Amino acid sequence: MDNVNKTLYIPLYGKAYVSRKGIILQDMKAEEIWEKEGFPLKGKSKSKWLAYYMGMRSAVFDAWLKKQMAATENPLVIHIGCGMDSRIIRVEPKNLLWYDVDFPDVIRERKRYYSESEYYHMLSADVRDSEWIGNIPEVENAIIVMEGVSMYIHPDELKRLLRTIRNHFSNIRILMDCYTVFSAQISKYQNPINDVGVATVYGVDEPRLLEVNTGLSFVQEHEMAPETLIEELQGMERAIFRKVYAGNVSKKMYRLYEFKSVTD
């Protein structure tokens, strides 16, 4: 497994950590996989503060996805960059087609812990190559989550990926997190992903740049660490997280954008 793929263990650890503490996110699958895999994280990548942030990020994605599934008629769900994430279990879709997509090495590992079904499928692919989308049915409505993915894809390739998705479905909603340009620039010096050997990442400051030639429209920015989740922390940890890792400090480094398809 290459270094980019190894980054999947950072959010996995975060989700397992908060789940064991009984806060933010309940994720028994993450606990199970982390206990069995025991991937050796070090330094900032095993920080409790990053674990809280990873747990909150996933909880926000989950809440948004549940809302979109409830509001959309018979949607197909695609989770790009699924890693070992158990979102398919946490959000409990009812008889909806769901595709978890990641690199072949990742999907190979994933199949040790997850099983496909009539509605649930795992797809091995490099999403920078447009051919992968041909393995997914062309339905009318699709919901796409891209958590922890965009920063590893060059902006030109990211726009091509978004255009590929848009051309395949009539109506789509996408939620994706992005580094800022500033965050990408300093990542070589102080990013937890450095601990698993990754140095090159990319940032997006203006979400409307991703509208150009993609057939998408920017909807809104979401809060990555909402106050309701920060309140689940205790005592000084809550105060420190709120001051150092949330609000404007966080937005200088990290953003969460929602897009929808442009309709004629």
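Model, not experiment: these values are computed from the prediction. Sequential numbering from 1 along the given sequence is applied to the chain's residues.
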When you look at Lys66 and Glu92, which way does the salt bridge (Lys or Arg N to Asp or Glu O under 4.0 Å) test go after all the steps? CA-CA 9 Å; Lys66 287 180 180 179; Glu92 299 180 310; over 6 Å; no
Just so I know, are the side chains of [X] and [Y] near enough to count as touching, which here means a heavy-atom distance under 4.5 Å?
X: Asp100; Y: Tyr120; answer: yes
X: Val77; Y: Ile88; answer: no
X: Arg242; Y: Glu231; answer: yes
X: Thr228; Y: Glu223; answer: no
X: Met56; Y: Ile230; answer: yes
X: Leu96; Y: Asn74; answer: yes
X: Tyr13; Y: Leu50; answer: no
X: Lys21; Y: Gln234; answer: no

Do Lys29 and Tyr114 meet the cation-pi criteria used here (NZ or CZ under 6.0 Å from the six-membered ring centre, within 45° of the axis)?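 Yes - Lys29 lies over the ring of Tyr114, closer than 6.0 Å to its centre and within 45° of its axis.
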Nearest 0.5 Å, please: how far is [atom2] in [Y] from [atom1] in [X]?
X: Ile144; Y: Gln68; atom1: CD1; atom2: CD; answer: 10.5 Å
X: Leu256; Y: Glu147; atom1: CG; atom2: CD; answer: 9.0 Å
X: Tyr9; Y: Glu109; atom1: OH; atom2: CD; answer: 5.0 Å
X: Met54; Y: Ser47; atom1: CE; atom2: OG; answer: 10.5 Å
X: Lys260; Y: Ile143; atom1: NZ; atom2: CD1; answer: 14.5 Å
X: His79; Y: Phe61; atom1: NE2; atom2: CZ; answer: 7.5 Å

Given Lys36 and Arg112, is the side chain to side chain contact (heavy atoms under 4.5 Å, CB included) satisfied, shown in steps? CA-CA 11 Å; Lys36 290 182 178 179; Arg112 295 170 54 207; over 6 Å; no
Would you sort out whether Leu25 and Asp62 count as a side chain to side chain contact (heavy atoms under 4.5 Å, CB included), showing the intermediate values? CA-CA 10 Å; Leu25 190 78; Asp62 286 359; 3.6 Å; yes
Given the rule in the salt bridge (Lys or Arg N to Asp or Glu O under 4.0 Å) test, do Arg110 and Asp102 qualify, once you have shown the distances and angles that lead to the verdict? CA-CA 9 Å; Arg110 184 176 180 85; Asp102 214 315; over 6 Å; no
Is the backbone N or O of [Y] less than 3.5 Å from a side-chain atom of [X], with the two atoms forming a donor-acceptor pair by type?
X: Glu258; Y: Arg173; value: no
X: Thr72; Y: Met69; value: no
X: Ser261; Y: Ile172; value: yes
X: Arg128; Y: Ile153; value: no
X: Glu232; Y: Ile23; value: no
X: Thr180; Y: Lys252; value: yes
X: His168; Y: Ile136; value: yes
X: Arg238; Y: Leu233; value: yes

Kindly give the heavy-atom pair with the smallest separation between [X] and [Y], and that separation in Å.
X: Phe259; Y: Phe218; result: CD2-CA, 3.6 Å
X: Val139; Y: Phe169; result: O-CD2, 3.4 Å
X: Arg166; Y: Ser170; result: NH1-O, 3.4 Å
X: Cys82; Y: Ile107; result: SG-CD1, 4.0 Å
X: Trp34; Y: Leu12; result: CE3-CD2, 4.1 Å
X: Trp98; Y: Arg87; result: CH2-CG, 3.7 Å

Are [X] and [Y] in one and the same hydrophobic cluster, where Ile, Leu, Val, Met, Phe, Trp and Tyr link if side-chain heavy atoms are under 4.5 Å apart?
X: Leu210; Y: Val219; value: no
X: Tyr17; Y: Ile33; value: yes
X: Met151; Y: Met176; value: no
X: Val101; Y: Leu76; value: yes
X: Leu158; Y: Val149; value: yes

Mind running salt bridge (Lys or Arg N to Asp or Glu O under 4.0 Å) on Asp156 and Lys159 for me, showing each step along the way? CA-CA 5 Å; Asp156 291 340; Lys159 290 177 65 175; 5.9 Å; no
Kindly check if the number of other-residue, nucleotide or ligand heavy atoms within 6.0 Å of NZ (Lys67) is above 12?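 For Lys67, atom NZ is not crowded (no more than 12 foreign heavy atoms under 6.0 Å).
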Considering residues, nucleotides and ligands other than Gln220, do more than 12 of their heavy atoms fall under 6.0 Å from its CD? yes
Lys15 vs Asp27, test: salt bridge (Lys or Arg N to Asp or Glu O under 4.0 Å). Steps then yes/no. CA-CA 7 Å; Lys15 284 172 280 193; Asp27 197 333; 5.2 Å; no
Using 30° and 60° as the class boundaries, would you call the ring planes of His121 and Tyr99 parallel, tilted or perpendicular? parallel
Assess, by modelled atom type and distance only, whether the side chains of Ser150 and Tyr257 contain a donor and an acceptor separated by less than 3.5 Å. no
